[in-house]
Amino acid sequence: MAEQLIISVSGLRGIVGENLTPAIAAEYGCAFGTFLKDSVNPCKSVPKFGSPGKTERLSVCIGRDSRPSGQMLKAATAAGLCAVGIDVVDLGLVTAPGVSIMVTERHCAGGVVITASHNPIQYNGIKLLLGNGIAPPVEQAERIRRYFSQKSFALVDSTKCGQVTANEQTDARHIAKVLAIIDKKTIAAEKFKVALDSVNGAGARVTKKLLAELGCEVSAINDEPTGIFAHPPEPTAENINTLCEEVKRNGADIGFAQDPDADRLAIVDENGTYIGEEYTLALAAKCIFSKKKGRAATNLSTSRMIEDIAQEAGCQVIRIAVGEANVAAAMLQHNCIIGGEGNGGVIDLRVSPVRDSLVGMAFVLQLMAETGKTISHLVSEIGGYYMIKDKFAVEPGKVEQILNAVKNAFADAKVNTDDGCRFDFADGWVHLRASNTEPVMRLIVEAKDQPTAQRYIIQTKALIH
Ligand code: MG
């Protein structure tokens, strides 16, 4: 059976040629454009075809990762936007954070990234951003979904169609914003040797330029933006062996692995050992908190390492429901100086409200330069936990029942119910939540050692069954 098109808060995702076609992309463009027009002037109803529409012209930035289907879907989505009278700024092949930066710099009403992030090549997706550069919150995402499913499109007549202009400033603006928040001189003085794996995605071009600005000697692999991924594109331990080898072969100080839209960053230490994506945010937070006291925001599934680092620095951590938009909103609300998620996504609002592998790299290199310590040394100082991530199929009606059963059994834990349930114990934590995109529940457990983590997994699973 063909897989269904997935529509979630982060946009739409599907298999190209099966359920994700140019026709679908054009309709999604029409839906997003109509939503933006109505949001700017919500009192005015959707104008009928040919009727006098609003005079204010809105624009949307659109960019894509390197997938071979990207150009086709970008053109189709842009056509849909133009059909409802939205002007389109075509950024070409850029990273996801790059699109967010340009949305706010160009004062656009929204942004579109054609990407399926870390999903395999047969997938592509249409990720949406609002005018603040952040993915829409749940209620607004639901409104966009309704415009799409009901095909309620505010089509305009021939004279009012949107126009497409090209803009190639994204890399330059992105690099300038990252350089503005770090100490370039201190990093450059170290002349770090960096191995980079951009999985033939959108990250290589801009990242190589940034690392050159930081005085690094870069050995890049998989740096052709062909979209033909050299390995499964999620930057997890099993997928980046070649980068680990490259670090050793080259005697590099550090290895960086990006996903295709370059919002996630995984790190390999100077011995060629993959240290896990959870350390990316932890190291970035350590760098930020070494200069300034403040707050961090992260989701409930992210490692406790960030609390340890914050506590040592006299800082505070805000925990929030899973999802980049939730983290960004919490950062704005609580005036956080750093944020992100345990999947290697670091956010600094001075650059953009989107997870950004370039920001992550810059902070980690700065921490290495300022402390004079190797990456393995910094990791051993932070210490670590043992994390297990699991998922299991569940009927949608059973979620509450399962959560209640686990809540009753873990009555002595500190409970957070913002997103499923997170149970905090002295020696670890358990997070159980329904997925936003699949009919599954996710179970994440972290403890000081493997046997304890395993014990929590067995205990929780027994309760579920
Ligand atoms: Mg991604």
Side-chain angles (χ1 to χ4, degrees), residues 6 8-14 16 20 62-67 69-70 73-74 91 93-103 111-129 133-136 170 174 196-207 222-223 225 227 229-237 239-240 243 256-267 276-278 280-281 284 298-299 301-302 322-328 339-348 351-361 389 435-438:
I6 295 164
S8 69
V9 279
S10 46
L12 170 155
R13 198 183 73 206
V16 177
L20 182 52
I62 187 166
R64 66 171 179 98
D65 75 12
S66 59
R67 286 163 208 268
S69 57
L73 292 170
K74 183 180 64 146
L91 305 175
L93 191 138
V94 292
T95 65
V99 175
S100 176
I101 288 166
M102 295 305 278
V103 166
V112 175
V113 196
I114 306 296
T115 180
S117 191
H118 58 277
N119 289 279
I121 192 166
Q122 60 267 37
Y123 287 89
N124 210 336
I126 305 172
K127 183 177 170 170
L128 306 178
L129 302 172
I134 305 179
T170 311
H174 196 168
L196 174 69
D197 180 352
S198 304
V199 70
N200 293 333
R205 188 188 62 215
V206 65
T207 306
N222 307 321
D223 60 337
F229 303 136
H231 53 75
E234 191 163 21
T236 48
N239 294 337
I240 58 168
L243 177 66
F256 290 133
Q258 298 170 303
D259 74 336
D261 60 333
D263 58 351
R264 284 170 63 172
L265 172 68
I267 297 171
E277 285 179 288
E278 293 285 337
T280 307
L281 177 59
T298 191
N299 70 38
S301 289
T302 297
V322 171
E324 180 181 66
N326 296 326
V327 174
E341 299 189 287
N343 60 5
V346 178
I347 301 174
D348 186 311
V351 176
S352 92
V354 165
R355 293 172 305 209
D356 189 340
S357 60
L358 276 70
V359 168
M361 287 177 204
K389 294 181 181 180
S435 163
N436 294 327
T437 51
E438 301 170 68

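Model, not experiment: these values are computed from the prediction. Order of appearance sets the numbers: ligands from 1, and atoms from 1 within every ligand.
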Using salt bridge (charged side-chain N to carboxylate O under 4.0 Å, His left out) as the criterion, list what pairs up with Asp356, not counting sequence neighbours.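 Asp356 satisfies salt bridge (charged side-chain N to carboxylate O under 4.0 Å, His left out) with no other residue.
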With Glu324, which residues qualify under salt bridge (charged side-chain N to carboxylate O under 4.0 Å, His left out), at least two apart?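 With neighbours one apart ignored, the set is Lys127, Arg355.
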Shortest non-hydrogen separation from Glu341 to Thr298 and the atoms involved: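 It is CA-OG1, 3.9 Å.
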For Ile101 versus Ser352, what's the shortest heavy-atom pair and its separation?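 Taking every non-hydrogen atom into account, CG1-CB, 3.7 Å.
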Residues forming a side chain to side chain donor-acceptor pair (under 3.5 Å) with Thr170, sequence neighbours excluded: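 Result, side chain to side chain donor-acceptor pair (under 3.5 Å) vs Thr170: none returned.
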Near the Mg ion (ligand 1), which protein N/O/S atoms are found at less than 2.8 Å?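 Within the sphere that stays under 2.8 Å of the Mg ion (ligand 1), the protein atoms of type N, O or S are Ser117 OG, Asp259 OD2, Asp261 OD1, Asp263 OD1.
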Looking at CG of Leu265 and OG1 of Thr280, how far apart are the two atoms once the value is rounded to the nearest 0.5 Å?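 The CG atom of Leu265 sits 4.5 Å away from the OG1 atom of Thr280.
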